[in-house]
Amino acid sequence: MQSTPSDTILVIGAGGQLGLELTHELRQRYGASHVVAADVRAPKDAATTESGPFELLDVLDKNRLEEVIRQYKPKQVYHLAALLSATAEKNPKFGWQLNMDGLFHVLDAAVDLGVQRVYWPSSIAVFGPDTPRENTPQLTVMNPNTVYGISKLAGEQWCEWYFRKHGLDVRSLRYPGLIGYKSLPGGGTTDYAVDIYHKAVAGQSYECFLEEDTYLPMMYMPDALKATLDLMHAPAEQIKIRSSYNLGAMSFSPKEITASIQRHLPDFQVTYQPDSRQQIANSWPASIDDQHARRDWNWQPDFDLDKMTQDMLLHLKQQLQPA
Ligand code: VAH
């Protein structure tokens with residue numbers, strides 16, 4: 001077995017939309033042998049398993065989690081495994097179990113086995129229908145009405161508790177909808193904003209599951225990776241919020257992303273067939289106030305909608321028609 005360096009990083013949920021991209025980015029920055037990818041099943045993306053160490057790990061199996069941490073002794077753990085909003089609504093008990101017991105297993109193992117720093121993603125889903133929708137503040141009314149949102153709000157409070165009671169350096173971001181070309185999302189309400197690009201590049205029309213004027217906070221994956229690593233690299237004394245930081249970049253509606261794509265592909269057509277995810281989207285903010293992230297660790301996004309569209313279409317076309 002190839003020995004892994006002492007400053008190893010473990011990514012749990014490495015096969016997911018964010019996990020796959022984060023593993024790739026961490027391996028590029030620190031060397032593939034330094035980054036252990038783990039997931040409950042082997043990722044479809046062969047690169048994740050072939051470019052560096054991979055472990056099959058169900059985060060609900062605490063003994064297996066401790067075995068992996070004892071084997072690799074990671075300095076940092078990124079715990080990304082969760083059911084997202086739409087999937088968790090269809091499978092509420094498992095959604096709660098995976099999102100909560102999985103987090104407890106990681107927090108306890110980190111304390112017991114000396115992991116130095118833990119990252120855990122929260123989401124704008126922690127806000128609810130009576131939260132101010134425009135420029136939603138860091139501290140405000142939080143009454144999420146989805147299983148996913150309830151689990152993320154509870155998780156934020158537990159992360160803060162482990163920081164206060166055990167001194168565990170656990171850090172978190174309330175991601176908006178994430179959009180990227182390297183991985184497909186799974187079971188989210190914001191997934192339309194990824195699917196729409198794939199349909200456009202394939203020359204097909206797209207049937208959107210949200211109404212055309214549904215504004216949601218969104219972020220291009222390179223910005224999400226930048227924010228995550230900026231947060232994890234910041235000196236501990238700069239981290240003033242130990243529940244989870246609001247994080248923003250842009251907000252747009254299906255109508256606006258369609259127009260952005262049509263500026264490149266004028267014949268692209270979209271129809272609207274809202275489904276149960278519309279109710280979830282209606283309970284979330286339209287835009288986010290992330291002044292604390294900008295103040296505490298100099299957060300600054302790089303991508304707006306048109307810059308993202310240009311980059312997404314370029315890379316998806318390259319994937320479809322390799323050189
Ligand atoms: C979801 N993509 O749609 C996730 C995200 C803000 C949304 O948490 O469930």
Side-chain angles (χ1 to χ4, degrees), residues 13 15-22 78-92 94-96 98-100 102-103 119-129 131 133 136 138 142 144-156 159 172-198 208-211 214-221 223-225 227-228 243-254 257 274-290 293 301 308 312:
Q17 180 197 19
L18 175 62
L20 194 142
E21 295 236 26
L22 197 59
Y78 289 75
H79 172 40
L80 310 176
L83 283 200
L84 296 185
S85 56
T87 308
E89 281 309 291
K90 293 180 192 138
N91 206 338
F94 179 60
W96 177 260
L98 175 60
N99 294 6
M100 293 314 303
L103 176 60
Y119 179 76
W120 175 76
S122 184
S123 160
I124 60 158
V126 296
F127 300 112
T131 302
R133 294 201 76 230
T136 300
Q138 177 72 40
M142 322 268 292
N145 61 4
T146 63
V147 172
Y148 176 66
I150 294 164
S151 73
K152 286 299 182 182
L153 182 56
E156 289 186 3
C159 286
S172 179
L173 296 171
R174 290 170 181 164
Y175 289 126
L178 300 184
I179 297 151
Y181 59 86
K182 291 180 186 167
S183 58
L184 287 173
T189 299
T190 58
D191 295 359
Y192 88 87
V194 178
D195 304 342
I196 196 167
Y197 285 112
H198 285 265
C208 182
F209 56 73
L210 295 182
E211 291 163 359
T214 306
Y215 271 85
L216 287 170
M218 297 281 191
M219 180 175 287
Y220 196 29
M221 191 60 79
D223 271 337
L225 297 175
T228 307
S243 50
S244 188
Y245 275 94
N246 275 10
L247 186 74
M250 55 182 148
S251 293
F252 56 76
S253 64
I257 191 173
D275 65 17
S276 60
R277 287 168 282 192
Q278 186 64 49
Q279 285 65 45
I280 296 174
N282 291 344
S283 73
W284 289 352
S287 59
I288 295 288
D289 172 357
D290 60 0
M308 173 175 72
M312 279 290 283

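Indexing begins at 1, ligand by ligand and atom by atom, following the structure's order.
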Provide, to 0.1 Å, the distance between atom 2 (N) of ligand 1 and the closest protein heavy atom, together with that atom's residue and name.
Thr190 OG1, 3.0 Å
Taking atom types as modelled, is there a side-chain donor on Thr189 or Ser85 under 3.5 Å from an acceptor on the other?
yes
Does any N/O atom on Trp284 come nearer than 3.5 Å to any N/O atom on ligand 1?
no
What are the atoms of ligand 1, with element, lying closer than 4.0 Å to any heavy atom of Thr189?
1 (C), 3 (O), 9 (O)
Which pair of heavy atoms, one from Thr214 and one from Ala281, lies closest together, and at what distance?
CG2-CB, 3.8 Å
Please work out which of the three classes, parallel, tilted or perpendicular, describes the rings of Phe252 and Tyr192, given edges at 30° and 60°.
perpendicular
Numbered atoms of ligand 1 (with element) below 4.0 Å of Gly188, judged on heavy atoms:
1 (C), 3 (O), 9 (O)
Indicate whether the side chain of Glu156 and that of Ser172 have a donor and an acceptor atom separated by less than 3.5 Å.
no
Out of all atoms in ligand 1, which are within 4.0 Å of some heavy atom of Ile124? Include the element for each.
6 (C)
Per-residue contact class, Ala125 against ligand 1 - non-hydrogen pairs under 4.0 Å:
neither
Give the ring-plane orientation class for Tyr119 versus Tyr78, where under 30° counts as parallel, over 60° as perpendicular and anything between as tilted.
tilted
Using a strict cut-off of 4.0 Å, indicate which atoms of ligand 1 neighbour a heavy atom of Ser123.
5 (C), 6 (C), 8 (O)
OH-CE distance between Tyr197 and Met308, expressed to the nearest 0.5 angstrom:
3.5 Å
Counting heavy atoms only, which part of Pro176 comes closer than 4.0 Å to ligand 1: side chain, backbone, both or neither?
backbone
So, is Tyr148 polar-close to ligand 1, with some N/O to N/O distance under 3.5 Å?
yes
Ligand-residue contact atoms, ligand 1 with Leu84, heavy atoms, under 4.0 Å
9 (O)
Check whether Arg133 reaches the backbone of Trp284 with its side chain - one donor and one acceptor, N or O, closer than 3.5 Å.
yes
Using a 4.0 Å cutoff against the non-hydrogen atoms of Ser85, which atoms of ligand 1 qualify?
1 (C), 3 (O), 9 (O)
Distance (rounded to the nearest 0.5 Å) between Leu173 CG and Ile124 CD1:
13.5 Å
